[in-house]
Protein chains: 2
Amino acid sequence: MNMEAEALGAIGDHFRRARLAARLTQEQVANLAGISRPRYRDVETGSAAARTTTLINIARALGLEMMLVPQAMVPAIEALLHPETEDDRPAYSPQPESDDDSRPHR
Amino acid sequence: MNMEAEALGAIGDHFRRARLAARLTQEQVANLAGISRPRYRDVETGSAAARTTTLINIARALGLEMMLVPQAMVPAIEALLHPETEDDRPAYSPQPESDDDSRPHR
DNA sequence: TGACAATGATATGTTTAGGCATCATGGCCT
DNA sequence: AGGCCATGATGCCTAAACATATCATTGTCA
């Protein structure tokens, strides 16, 4: 349950870097995303888990897009995003995730 | 404000396809993601906007990963994901998004 | 035919994202 | 010094994401 906080913090950091790179204030991004400044601040500091629609709106305000991709494709996409850097986790990147569970699988 | 509903529906469809491909029931995915079945159903049908943490948990339960990527990179990533299919929107894919606004940009 | 599994759907209650208003702090001006 | 701007951080309130329980529908299989 605490690994979720890490994910939120990573996303917040990502947003913050994108915002500063775009030279926007928290208030401007909040307005673009249709939320209040205090709320956007909570998202950026990782102290709140925004709704999916809000996440998408913030991302787009910052020139980003939210995507769902197969875990196996993540490394290839990472390589595409930052060409010659070797290891550079995108923050909210996946844990190995030991996915064992009850699967009757029919 | 209604374009958000489309995005949610697209995400829900994406989840549903991934779930069926993995031969999992709604209840199994819900358990893996740590939410109730009725809630997962709402997400899958696009009638509810899950929180960011929940979105990540569901995605991982289905072998997917949530990523935030520059909008300019989306086409390249799409091409990477489905090699020779030509048009196949990932559902929540971006609107052209006329991003004009007040930017004092100092 | 009945039993079971999966999904759709509804109702009630709790938790939290979200808005709005407000104040404090720190930096940068002229 | 004072004033402005961006950010951090409260408080109270509403809306919506959650849980839990329950019932109906559909399909499959013995």
Side-chain angles (χ1 to χ4, degrees), chain A residues 1-62 66 92 101-106, chain B residues 1-62 66 92 101-106:
Chain A
M1 314 305 185
N2 194 6
M3 142 195 118
E4 300 189 346
E6 296 177 28
L8 290 185
I11 292 173
D13 289 347
H14 197 149
F15 280 159
R16 169 173 287 247
R17 284 192 298 271
R19 177 177 67 83
L20 295 177
R23 304 192 125 272
L24 294 172
T25 69
Q26 291 180 343
E27 192 164 27
Q28 287 169 343
V29 175
N31 290 340
L32 288 171
I35 63 177
S36 66
R37 183 185 68 88
R39 275 292 117 185
Y40 173 72
R41 179 194 159 275
D42 288 347
V43 172
E44 208 180 71
T45 58
S47 65
R51 293 173 195 163
T52 296
T53 51
T54 300
L55 183 76
I56 293 174
N57 288 337
I58 293 175
R60 290 186 179 168
L62 293 173
M66 195 273 285
Y92 49 89
D101 229 88
S102 64
R103 327 185 155 192
H105 97 296
R106 183 169 308 276
Chain B
M1 317 304 183
N2 193 5
M3 138 196 122
E4 300 188 344
E6 296 176 29
L8 291 184
I11 292 173
D13 289 347
H14 197 145
F15 280 160
R16 170 173 287 249
R17 283 193 298 273
R19 178 177 65 83
L20 295 178
R23 302 193 125 274
L24 295 172
T25 69
Q26 292 180 343
E27 191 164 25
Q28 288 168 343
V29 176
N31 289 340
L32 288 171
I35 62 175
S36 66
R37 184 183 67 86
R39 268 295 110 184
Y40 174 73
R41 180 194 158 275
D42 289 346
V43 173
E44 205 180 77
T45 59
S47 63
R51 293 174 196 161
T52 297
T53 50
T54 300
L55 183 76
I56 294 174
N57 288 337
I58 293 176
R60 290 185 179 169
L62 293 172
M66 195 273 283
Y92 49 88
D101 229 271
S102 65
R103 321 191 161 188
H105 92 296
R106 185 160 309 275

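The chains referred to below are lettered A, B, ... by the order of the sequence lines, with proteins before strands, and numbering in each begins at 1. Note that this is a predicted model, so its numbers are computed, not measured.
In this structure, CG of A:Leu20 is placed 8 Å from P of D:dT7, rounded to the nearest angstrom. Atom pair A:Glu27:CD and C:dG19:P shows a separation of 12 Å (rounding to whole Å applied). Spacing between atom CG of A:Asn31 and atom P of D:dT7 amounts to 12 Å, rounded to whole angstrom units. The CG-C1' distance, from A:Leu24 to D:dA6, rounds to 13 Å in whole Å. Between the CD atom of A:Gln26 and the C1' atom of D:dC5 there is a distance of 12 Å, given to the nearest Å. The CZ-C1' distance, from A:Arg23 to D:dC5, rounds to 14 Å in whole Å. Taking atom CD1 of A:Ile58 as the reference point, atom C1' of C:dG18 lies 11 Å away to the nearest angstrom.
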Going 5' to 3' along nucleotides 10-30 of chain D, which nucleotides have protein heavy atoms under 4.0 Å from the base (write B), which only from the sugar-phosphate (write S), and which from neither (write -)? ------SSBSBB---------
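With contacts defined as side-chain heavy-atom distances shorter than 4.5 Å, the pair A:Ile11/B:Met66 qualifies. The side-chain heavy atoms of B:Val29 and B:Leu62, taken from C-beta on, include a pair separated by under 4.5 Å. Contact check for B:Arg19 versus B:Tyr40: side-chain heavy atoms found under the 4.5 Å cut-off.
Ion pairing between a basic and an acidic side chain is recognised when a charged N comes within 4.0 Å of a carboxylate O; B:Asp13 and B:Arg16 show no such pairing.
Here the straight-line distance linking atom CD1 of A:Ile58 with atom NE2 of A:His14 works out to 12.5 Å at 0.5 Å rounding.
OP1 and OP2 of C:dA6 both lie 4.0 Å or more from every side-chain N or O belonging to B:Gln28.
One N or O on the side chain of B:Thr45 and one on the backbone of B:Arg41 form a donor-acceptor pair closer than 3.5 Å.
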